[in-house]
Amino acid sequence: MPARRSLLKALAAAPVLSALGAPPAGAADPAAGPSPDRAPGIVKPLPPAYFTVRGTNAESRFETFRDTGRVTPADRFFVRNHTSTPVLDAADWRLTVWGDGLHGRRTSVEIGYGQLRDLPPVTRTALIECAGNGRSLYATQQGEPVSGTPWTLGAVGAAHWRGARLSDVLRLAGIASDAVAVQPRGLDDPYVTGGADLGRVRRPLPVAKALDDVIVAYKMNGEPLPYDHGFPARLVVPDWVGVASVKWLGDIEVSRGPLSSPWSTDFYRFFGEAHPAGGSAPLGPQTLKSAYELPFGASLAAGRTHHLTGRAWSALAPVRAVEVSTDGGGTWRPARIVDRPRSGQWVRWTASWRPTAAGPATLLSRVTDAAGNVQPERAVHNTQGYLFNAVVRHPLTVE
Ligand code: MTE
């Protein structure tokens, strides 16, 4: 078992260099004491200018991405914690790979941090987006009730992730050729909800995806993973719902038969009138979205040209086009795409607008990807508010 230190002890120890190098970025200054820019269970500071705290989670303010590049700095990246960030020590950390899906007579293999770092490194730029990103819009835009953290649009971020391929880790452990599923599990505290202890966060991943493009990351944007983002190692499952990217990775079960957990049976699948009676299949890929980098309810001056900016992304194919409407959806025109569209990444876009009449206005944006997927006018409702993909109606005032 890796050493687990209390958060307070860890905060006090944070500035000390560990045997393995610099402490992760974002550790708190122990002299700072309690302050309004903190949330229970999250280590890094959460300045209100950049984050909205939602229970054990912190949402990035989407509009503040405007002054970031194509990747999101770690200190601006949203945090989704079922419980709280465990502060682990890389020197004691072991990844245990176990289960009947290992070949020969092996039942369990341990891989240390040094061994992980010795595997051929890869760097991938990928978004992590919570399945519930945009959830609150089911209620505010479509008048439909949903349960779960009422994220607006900031439960998403992009980073350069460096680590070992999960396929190399599984081959090192001896995955059998007839294994069908793996189940990574985190080292954070068990998740207790509604009086039931559901155990540690874990979720099955089909072997085909596990061996494809998943990485066991130990660096984020060139620095050791910050504590809140999974130090010392996390999965990054490109294009899939964020819950697949298990943080503080502790063990991976490898199985010759199907696996399940509450995160694939009770949560992270579609329930509701539009879906099969027992729920849909567990969610895999994310969806597509576009949004303006402006606060909801912003005021813009009439009679001046505004250079509006935004982002668009699709987990299904590279972005092909972004259109904007400044008259509530009556007419559309192309936005200018700033970045070269790449699979699994977002693009920044711009559009100028010179409003003339004062009063309330609604801005819309709509992304089309290279596979022909287009944001619909309405998202199909599901009771837990996952995968909101509809065109966002962005309210503002012209003064
Ligand atoms: N892994 C563990 N061990 N515990 C968690 O609570 N949250 C998941 C995933 N991995 C979670 C986890 C969810 S729901 C999301 S959206 C992403 O982590 C968020 O990653 P981030 O906090 O680095 O932004």
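Numbers here are sequence positions counted from 1. We count ligands from 1, going down the list as the structure has it; atoms in each ligand are counted the same way.
Polar contact with ligand 1: present for R234 (N/O pair, distance under 3.5 Å). For the pair F78 and ligand 1, the shortest N or O to N or O distance falls below 3.5 Å. When only interatomic distances are considered, the shortest N/O to N/O separation between W248 and ligand 1 does not fall below 3.5 Å. Between E129 and ligand 1, not a single N/O pair is under 3.5 Å apart. Some N or O of R80 is nearer than 3.5 Å to an N or O of ligand 1, by distance alone. At a 3.5 angstrom cut-off on N or O pairs, H229 counts as close to ligand 1.
Atoms of ligand 1 found under 4.0 Å from any heavy atom of N81, numbered from 1 in the order shown, are 6 (O). Per-residue contacts place F77 under 4.0 angstrom from the following atoms of ligand 1 (heavy atoms of the residue considered): 24 (O). Remark: ligand 1 atoms within the under-4.0 Å shell around heavy atoms of S245 are 9 (C), 10 (N), 18 (O).
Counting heavy atoms from C-beta on, the side chains of L95 and L249 come closer than 4.5 Å.
Aromatic ring centres of F62 and W151: separated by at least 6.0 Å. W263 has its ring centre less than 6.0 Å from the ring centre of H82.
The two residues P224 and F231 have their closest heavy-atom pair at CB-CE1, 4.3 Å.
Taking the six-membered ring for Trp and thresholds of 30 and 60 degrees, Y386 and Y268 have nearly parallel ring planes, at less than 30 degrees apart.
Among all protein heavy atoms, the one lying closest to atom 8 (C) of ligand 1 is V243 CA, 3.8 Å.
If you check the side chains of E59 and T152, you find a donor sitting under 3.5 Å from an acceptor. Between the side chains of W313 and E129, at least one donor N or O lies within less than 3.5 Å of an accepting N or O.
When heavy-atom distances to ligand 1 are checked against a 4.0 Å cut-off, Y268 comes that close only through its side chain, counted from C-beta outward.
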